[in-house]
Amino acid sequence: MLVLGIDTSCDDTSASVLKDGRVILSNIVSSQSEIHSKYGGIVPELASRRHIEMIWPVVSEALEQAETALDEIEGIAVCYGPGLIGSLLVGCCFAKAIAYAKGIPLIGVNHLEGHLLSVLLNSPAPDFPFLSLIVSGGHTSLVRVDGVGRYKELGRTRDDAAGEAYDKVAKLLGLDYPGGPVIDRLAKEGNPEAVNFPRPYLHGSYDFSFSGLKTAVRNHIQSVKDRLEEERENIAASFQRAVIDVLVKKTEIAVKKEKIKRVALSGGVAANSELRERMKEMGESLGIEVYLPPLQLCTDNAAMIALTGYLHLMRKETSDLDLTAKAVLPIGT
Ligand code: KG4
Ligand code: ZN
């Protein structure tokens, strides 16, 4: 069975063809970073306009690479939230039109559910239950996953998401957007103990908060502004160490309390080299399995949407053609 997945939730236009919920025949991602980088963040109006231009070429490329055609597609899965409303609408309208014209089932997919199930495309894939740490540009959540559709959000960010903190700190350091990969690279050349930035542990809760850390970085940058050029690597490394200390510690506490033997990472920040290394070390020291999806499945992609759509289609959970985009959409809805 071939399912076409579409994701236009943020600033990437993506389409994927997935065979039998397992084999990724194509996973095309057209990035808009170049458009937004000069503004230091995403400009929603520009994002939706670009999606309109790119949706058809990206879907065509996904079909071509999969050596198939729309007539062969048996289900169309589209991300309908959460995300930027204008961006989401492009994918939703497109998918609804195809579903209607071709008479195939439409499956609206929650972007966060896509991220947390993306690890099922791994080889080997984890068994249920597993703990999922979603760390992306818009979200930071710790979720207990007991099965498809059985999610319990243990904690989430109260302010900035981890990726958002990376992007904002990068901007303060005068680096390009998106900041995560740039800080990841720069941090390798700095001393992570150069600056003792605060670790917002929020004891007794699984929630996260990164805005205070961002403010601490801003204040520090202000205090060294005359020698920022020499300090950049150290600040990047120290900031990254603070973020990762918190992510790892909270995950470790949840593993112990929930008595879970498997942890999966997802979302753009899951591509971070230090976070991946530290999570692996945590797994070894606790004797649990840690699943790290390949980098192209960490950042936004339509293969995870196609997979989630396929799993719901198998359970006969499809959407009506009045499916509408939702900027805010909690996990499990
Ligand atoms: O999951 P994603 O592609 O989009 C959202 O759903 O938000 O995540 C994008 C975020 C951006 O904030 C980007 O800076 C961050 O992921 N990111 C990274 C790395 N690669 C991407 N953050 C840290 N290290 C990386 N290597
Ligand atoms: Zn995402």
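These figures come from a predicted structure and were not determined experimentally. We count ligands from 1, going down the list as the structure has it; atoms in each ligand are counted the same way.
- Each of the atoms 26 (N) of ligand 1 lies under 4.0 Å from some heavy atom of Ala271.
- Proximity to Gly138 (heavy-atom distance under 4.0 Å) selects the following atoms of ligand 1: 7 (O).
- In the model, Ser9 has a side-chain atom that pairs as donor or acceptor with a side-chain atom of Asp7 under 3.5 Å.
- For the pair Cys10 and ligand 1, no heavy-atom separation below 4.0 Å is found.
- Ligand-side atoms of ligand 1 in range of Gly137: 5 (C), 7 (O), 8 (O), 9 (C), 10 (C), 12 (O), range being under 4.0 angstrom from any heavy atom.
- Side-chain atoms of Ser209 and Asp159 form a donor-acceptor pair, as typed in the model, at a separation below 3.5 Å.
- Closest approach of Thr318 to Pro105, counting heavy atoms only: CG2-CB, 3.9 Å.
- The closest approach between a heavy atom of Gln240 and any atom of ligand 1 is not below 4.0 Å.
- Residue contact check: Gly163 has heavy atoms under 4.0 Å from atoms 12 (O) of ligand 1.
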Show which side-chain atoms of residues 34-41 pair as donor or acceptor with protein atoms under 3.5 Å away, not counting sequence neighbours.
residue : atom : partner : partner atom : Å
His36   : ND1  : Val43   : N            : 3.1
His36   : NE2  : Gln32   : OE1          : 2.8
Ser37   : OG   : Ser33   : O            : 3.4
Ser37   : OG   : Glu34   : O            : 3.3

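- For Thr299, heavy-atom contacts with ligand 1 shorter than 4.0 Å involve the backbone as well as the side chain.
- Per-residue contacts place Pro178 under 4.0 angstrom from the following atoms of ligand 1 (heavy atoms of the residue considered): 14 (O).
- Counted by atom type alone, Glu113 and His312 present one or more donor-acceptor pairs between their side chains at under 3.5 Å.
- Of all the heavy atoms of Val269, the ones lying under 4.0 Å from any atom of ligand 1 are found in both the backbone and the side chain.
- Atom NZ of Lys188 is separated from atom CD of Gln240 by 7.5 Å, given to the nearest 0.5 angstrom.
- A donor atom on one side chain and an acceptor atom on the other are found under 3.5 Å apart for Glu153 and Ser141.
- Protein heavy atom closest to atom 3 (O) of ligand 1, with residue, atom name and distance, is Asp300 N, 2.9 Å.
- Close approach of ligand 1 to His115 (heavy-atom distance below 4.0 Å) involves ligand atoms 1 (O), 6 (O).
- One finds the OH atom of Tyr291 at 10.5 Å from the OG atom of Ser123 (value rounded to the nearest 0.5 Å).
- Residues Asp184 and Ser273 bring a donor and an acceptor atom of their side chains to less than 3.5 Å of each other.
- The shortest N/O to N/O separation between Ser273 and ligand 1 does not fall below 3.5 Å.
- In this structure, CG on Leu121 lies 6.5 Å from CZ on Arg22, to the nearest 0.5 angstrom.
- Note on ring orientation: taking the six-membered ring where Trp is involved, the planes of Phe94 and Trp56 are tilted (angle from 30° to 60°).
- Near Ser136, the atoms of ligand 1 lying under 4.0 angstrom from a non-hydrogen atom of the residue are 1 (O), 5 (C), 6 (O), 7 (O), 8 (O).
- Within the structure, ligand 1 lacks His139 among the residues with a heavy atom less than 4.0 angstrom away.
- Under 3.5 Å, the side chains of His51 and Asp11 contain no donor-acceptor pair of N or O atoms.
- Annotation for ligand 1: atoms under 4.0 Å from non-hydrogen atoms of Gly267 are 1 (O).
- Protein N/O/S atoms nearer than 2.8 Å to the Zn ion (ligand 2) total 3.
- Between Lys256 and Glu252 there is a salt bridge, since at least one side-chain N of the basic residue sits less than 4.0 Å from a carboxylate O of the acidic one.
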